[in-house]
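By convention in this document, chain letters (A, B, ...) are assigned in the order of the sequence lines, proteins followed by strands, and residues within each chain are numbered from 1. All values reported here derive from a predicted model rather than from experimental measurement. Values below: every heavy atom of this structure, side chains too, minus hydrogens, waters and symmetry copies.
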Amino acid sequence: NAGVTQTPKFQVLKTGQSMTLQCAQDMNHEYMSWYRQDPGMGLRLIHYSVGAGITDQGEVPNGYNVSRSTTEDFPLRLLSAAPSQTSVYFCASRGSGRSFFGPGTRLTVL
Amino acid sequence: GESVGLHLPTLSVQEGDNSIINCAYSNSASDYFIWYKQESGKGPQFIIDIRSNMDKRQGQRVTVLLNKTVKHLSLQIAATQPGDSAVYFCAELQGAQKLVFGQGTRLTINP
């Protein structure tokens with residue numbers, strides 16, 4: 001049981017580039033979410049999904065897209081990266097009353 | 001808007017002492033709170049949770065206290081060890097699934 005996995009661990013992008021952060025969970029959880037964590041701040045919710053085919057916006061959704069075609073996967077897409085998106089990104093899934101977080105992706109946008 | 005916040009950004013304690021990390025919340029309708037521990041380079045890990053129908057909940061070396069009158073939450077760690085060094089977050093569950101995190105407190109253990 002791998003829990004929540006994220007790839008890549010590190011990524012450097014140039015302004016305007018696009019990329020997808022991958023997230024997968026093997027716990028059959030319906031609820032999944034993406035957070036970003038900036039220095040001196042807590043985690044802020046970007047997007048979330050309550051099940052396959054259903055997504056919704058969180059606190060800071062601008063500049064990010066998500067989709068949920070399967071229960072297991074919840075990718076986060078940056079269509080045109082900006083320096084303000086430099087952050088650490090965490091994916092989480094929730095089940096049995098608890099949230100489980102992935103190890104994070106550290107993204108730098110130059 | 002309403003949010004979850006922490007009183008202090010850093011806390012240093014001697015190894016073996018007890019640690020107390022505080023958190024204030026503003027939404028009086030909140031009924032579920034969680035404490036997370038985040039070690040350097042890792043994602044947050046669940047420590048303990050508490051529902052609003054409780055004042056206190058204990059785990060292994062950790063206790064969470066909830067004071068609904070003043071909307072205050074605390075995490076107590078007994079006999080602090082070097083492995084307790086981390087950033088601790090309180091989080092509030094809004095609705096059925098959305099977690100809202102506080103800013104975090106960095107706990108440093110002095111030998």
Side-chain angles (χ1 to χ4, degrees), chain A residues 2-10 21 23-25 27 29-51 54-61 66 68 74 76 87-107, chain B residues 1-11 21-27 31-54 57 59 62 64 73 75 86-107:
Chain A
V4 180
T5 58
Q6 290 183 239
T7 56
K9 285 190 177 298
F10 302 94
L21 280 64
C23 175
Q25 53 94 7
M27 297 172 283
H29 289 166
E30 291 295 326
Y31 183 81
M32 296 184 73
S33 53
W34 275 102
Y35 293 85
R36 61 177 288 172
Q37 185 175 32
D38 300 303
M41 300 182 71
L43 283 75
R44 292 185 291 169
L45 182 64
I46 304 172
H47 285 285
Y48 65 97
S49 169
V50 298
I54 306 170
T55 65
D56 208 344
Q57 296 182 347
E59 182 185 358
V60 288
V66 292
R68 186 89 181 274
F74 190 43
L76 179 72
S87 188
V88 181
Y89 291 84
F90 289 99
C91 178
S93 72
R94 184 169 176 82
S96 303
R98 293 188 180 183
S99 289
F100 298 84
F101 286 82
T105 294
R106 185 174 293 274
L107 176 67
Chain B
E2 297 183 303
S3 62
V4 178
L6 290 168
H7 290 305
L8 295 172
T10 60
L11 177 65
I21 301 171
N22 296 305
C23 180
Y25 65 95
S26 56
N27 187 347
D31 62 1
Y32 182 60
F33 304 89
I34 313 103
W35 280 100
Y36 287 91
K37 174 185 181 182
Q38 186 178 24
E39 296 175 285
S40 181
K42 297 183 179 180
Q45 288 183 291
F46 173 93
I47 301 173
I48 192 168
D49 58 0
I50 189 167
R51 294 201 175 275
S52 60
N53 61 351
M54 304 172 71
R57 191 163 189 221
V62 295
V64 55
L73 191 69
L75 176 70
V87 177
Y88 291 82
F89 293 96
C90 63
E92 166 191 12
L93 188 65
Q94 293 186 351
Q97 301 284 7
K98 292 171 62 174
L99 281 176
V100 176
F101 283 80
Q103 187 176 7
T105 292
R106 180 175 299 281
L107 178 63

Given side chain to side chain contact (heavy atoms under 4.5 Å, CB included), test A/Asp56 with A/Val50 step by step and report yes or no. CA-CA 8 Å; A/Asp56 208 344; A/Val50 298; over 6 Å; no
Structural part of A/Glu59 lying under 4.5 Å from a heavy atom of chain B: neither
Please verify the inter-ring angle class for A/Trp34 with A/Tyr89; under 30° counts as parallel, over 60° as perpendicular, anything in between as tilted. perpendicular
Of all residues at least two apart in sequence or in a different chain, which pass the ring pair (Phe, Tyr, Trp, His ring centres under 6.0 Å) check with A/Phe101? A/Tyr35, B/Tyr36, B/Phe101
Applying a strict 4.5 Å limit to non-hydrogen atoms, the region of B/Gln38 in contact with chain A is side chain
Turns out that what part of B/Leu99 lies under 4.5 Å from chain A's heavy atoms comes down to both
Between A/Ser99 and chain B, which part of the residue has a heavy atom less than 4.5 Å away: side chain, backbone, both or neither? both
Residues in side chain to side chain contact (heavy atoms under 4.5 Å, CB included) contact with B/Val87, at least two apart in sequence or another chain: B/Phe89, B/Arg106
I would like to know whether B/Leu93 and A/Arg94 meet side chain to side chain contact (heavy atoms under 4.5 Å, CB included); could you show each step before the answer? CA-CA 12 Å; B/Leu93 188 65; A/Arg94 184 169 176 82; 3.7 Å; yes
Below 4.5 Å from any heavy atom of chain B, which atoms of A/Leu45 appear? Answer side chain, backbone, both or neither. side chain
